[in-house]
Colleague: 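The structure is given below, and queries will be raised subsequently.
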Protein chains: 2
Amino acid sequence: MATTPTDPDLGSVLGKAVAVLHAFTVDDHELSLAALVERTGLPKTSVYRIAGDLVRYRLLDRTALGYRLSGGLFELGMRASVERSLLELAMPYLQDLYERTHETVHLGVREGREVVYVAKIAGRGQAASPSRTGGRMPLHCTAIGKVLLAWADDDLRRDVLTGPLERRTPHTIVAPGRVAQQLDAAIEAGVAFEREESALGLQCVAAPVLDADDRPIAAISVTGPVGRFRPEQHVDAVRAAAQGLGTLVARRRSLH
Amino acid sequence: MATTPTDPDLGSVLGKAVAVLHAFTVDDHELSLAALVERTGLPKTSVYRIAGDLVRYRLLDRTALGYRLSGGLFELGMRASVERSLLELAMPYLQDLYERTHETVHLGVREGREVVYVAKIAGRGQAASPSRTGGRMPLHCTAIGKVLLAWADDDLRRDVLTGPLERRTPHTIVAPGRVAQQLDAAIEAGVAFEREESALGLQCVAAPVLDADDRPIAAISVTGPVGRFRPEQHVDAVRAAAQGLGTLVARRRSLH
DNA sequence: GGGGATCGTTCCACTCACCGGTACGCTCCT
DNA sequence: AGGAGCGTACCGGTGAGTGGAACGATCCCC
């Protein structure tokens, strides 16, 4: 059941422990022992023992209802070098961008065939975008994803376009040809757009953060609600932020 | 050597794996096998095998120089419920506070006898504060720490004050009596101050985020360089942000 | 250019930590 | 009262994990 992203080797303690950790998602942050058993498919006793150990090692917390990922794990995750260096370098630019636009700002990197959001600035009373820091989204239906894909190796582009393109909304572009068109247009324009393709009611512009070799390290986007928000108005601001961060990153000789 | 915070039971794979993960710090984000062996005190072969497994499970990445904490760990950490819920609720307030002051803004929670920073907004060209998201600081020498300690149970306050108070700068207050004085003053004033007690050249004001039962969930602070920056000027802004967040959190029936 | 130090990797036989079925006690339901 | 669902505890068998020893590859200094 419910194969975790990193479908681990269940023959080792470590594998089982990782499976338990991966059973938690952004939405289900609190799971009972029974729920963990169901999600991992592991024997109850094993989950019981392992979860207990994880609590002992401060990777899980006990709660009235069961277990949840602990603050220790948060600390550990914040030490992940690439994401954290990027985040620290990027914050001032994201900050400026938000202040200039007062719209939701994202920073994302590519992980496999998906976008992982490394930072999100959503001010008060914004149209709620479903993205979350640390969350994932498909590459083909988000502005950040398109940017990351457009500047990526041809291999990856081909790989993604030949695979299934998940439909998220009625506006999601699922025809490989049309996605390819958009990727080309993105390179041409230096930015990519998204119009209600990942979530209804939201539009988006994104620009790539390129290193010294013009490889895409990350992407920055501005998101707003259809109607008041016109992504074209923010092209220059996003591009400026992404380029600023890019040159800063390049100066640091790739993200160490 | 170098006992990790959660000095783990080294008799189990899991314990060893956790020890390996904890060997990485914010500063040493990239460690060779030999370095891991030295820091964990584990046999070389064991570290080799376990690190390999951790790479397989996407908790570590291989690099030219050795290993580092992976993006997968970042994602996992971002799912830690308390920190992430708090972070999402707090961001708009931190955002506003930064825009109002244009000084470095922190959000911190207490973990044991230390502060853990959950969020940091450091604008361009600020005096670099040594804090980092996910990093720790002692309670007695930071504004956030004083706030968290002042509103905490008497048990904790006694516990911390009777323990050794680490000196961080010439200005660090290490006399238990004087710290206690400041805690009382903090409750009186609704905010706590710090004047170069954790890092030279920096001053700070912090206010508590209280839940419905007046228990401190977290604290918010504004930090700036001595000279231009006068913490007293920002008392109202910090207090407003913290209270706003507090009522929001209280409405959600404690952080689930 | 050879010898020594350092580092990552492979091999292997022992053994103990892990395994998971079974059973128990508790709290809600019906 | 009975039954379902859950968390906890017990326990003997066994294979995953163990770590010492030995190997090859770099690098650097004499």
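Quantities reported herein were computed from a predicted structural model and do not represent experimental measurements. Every chain is numbered from 1, with letters handed out A, B, ... down the list of sequences.
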Colleague: Angle between the two end axes of the helix from C:dG1-D:dC30 to C:dT30-D:dA1, five base pairs per end, rounded to 10 degrees?
Modeller: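 Answer for the end axes of this duplex: 30°.
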Colleague: When you measure from the side chain of A:R84 to the backbone N and O of B:T133, does any donor-acceptor pair fall under 3.5 Å?
Modeller: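 Indeed, once roles are kept as given, a pair shorter than 3.5 Å links the two residues.
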Colleague: Below 4.0 angstrom, N of the basic side chain to O of the carboxylate: do B:R132 and A:E88 qualify?
Modeller: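 Looking at B:R132 and A:E88, the cut-off is met.
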Colleague: Which nucleotide in the set D:dG19, D:dG7, D:dT18 lies at the smallest distance from any side-chain heavy atom of B:P43?
Modeller: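 Nucleotide nearest to B:P43's side chain: D:dG19.
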Colleague: Less than 4.5 Å apart, side chain to side chain, heavy atoms only: is that true for B:L202 and B:P130?
Modeller: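 Counting from C-beta outward, B:L202 and B:P130 do come under 4.5 Å.
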Colleague: Can you tell me the distance, in whole Å, between the OH atom of A:Y48 and the C1' atom of D:dA9?
Modeller: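 It works out to 7 Å between those atoms.
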Colleague: Taking the basic N atoms (NZ, or NE/NH1/NH2) and the acidic carboxylate oxygens, is any pair closer than 4.0 Å for B:R58 and B:E75?
Modeller: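 A salt bridge is absent here (no side-chain N lies under 4.0 Å from a carboxylate O).
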Colleague: Would you mind reading off the distance between B:L14 atom CG and D:dT18 atom P, rounded to a whole angstrom?
Modeller: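 About 10 Å, once rounded to whole Å.
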Colleague: Short question: side chain of A:R167, backbone of A:T172 - any donor-acceptor pair under 3.5 Å?
Modeller: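 Yes.
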Colleague: I'd like to know if the side chain of B:R110 reaches the main chain of B:G112, judged simply by a donor and an acceptor atom lying under 3.5 Å from each other, with no hydrogens or angles considered.
Modeller: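 Checking the backbone N and O of B:G112 against the side chain of B:R110, a donor-acceptor pair under 3.5 Å is found.
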Colleague: How close or far is atom C1' of D:dG5 from atom CG of A:L31, stated in whole angstroms?
Modeller: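 Distance check: A:L31 CG to D:dG5 C1' gives 17 Å.
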Colleague: Rounded to the Å, how far apart are A:K44 NZ and D:dA9 P?
Modeller: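 Rounding to the nearest Å, NZ of A:K44 and P of D:dA9 are 13 Å apart.
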Colleague: Measure the distance from CG on B:L33 to P on D:dG19 and round it to the nearest whole Å.
Modeller: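 Nearest whole value for this atom pair: 14 Å.
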Colleague: For DNA chain C, note the earliest and the latest nucleotide, 5' to 3', having some atom under 4.0 Å of a heavy atom belonging to chain B.
Modeller: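 Result: C:dC7 to C:dC18.
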Colleague: Taking the side chain from A:R215 and the backbone from A:D153, do they hold a donor-acceptor pair closer than 3.5 Å?
Modeller: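 No, because the side chain of A:R215 does not come within donor-acceptor range (under 3.5 Å) of the backbone of A:D153.
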Colleague: Taking only N and O in the side chain of B:T45, is any of them less than 4.0 Å away from OP1 or OP2 of D:dT18?
Modeller: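 For B:T45, the contact criterion (side-chain N or O under 4.0 Å from OP1 or OP2 of D:dT18) is not met.
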Colleague: Side-chain N or O of B:K16 versus OP1/OP2 of D:dT18: is the shortest distance under 4.0 Å?
Modeller: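 For B:K16, the contact criterion (side-chain N or O under 4.0 Å from OP1 or OP2 of D:dT18) is met.
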Colleague: How close or far is atom C1' of D:dG7 from atom CG of A:L42, stated in whole angstroms?
Modeller: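 So the two atoms are 17 Å apart, to the nearest Å.
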Colleague: Closer than 3.5 angstrom, by distance alone: can the side chain of B:K120 be matched with the main-chain N or O of B:S131 as a donor-acceptor pair?
Modeller: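 At least one qualifying donor-acceptor pair exists.
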Colleague: Given side chain to side chain donor-acceptor pair (under 3.5 Å), test B:Y57 with A:S12 step by step and report yes or no.
Modeller: CA-CA 11 Å; B:Y57 296 132; A:S12 77; 3.0 Å; yes
Colleague: Pick the closest DNA chain D nucleotide for A:G66 and for A:V13 by heavy atoms, then say which residue is nearer the 5' end.
Modeller: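 Nearest nucleotide further toward 5': that of A:G66.
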Colleague: A:L36 CG to D:dT8 P: how many Å, rounded?
Modeller: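 Between P of D:dT8 and CG of A:L36: 12 Å.
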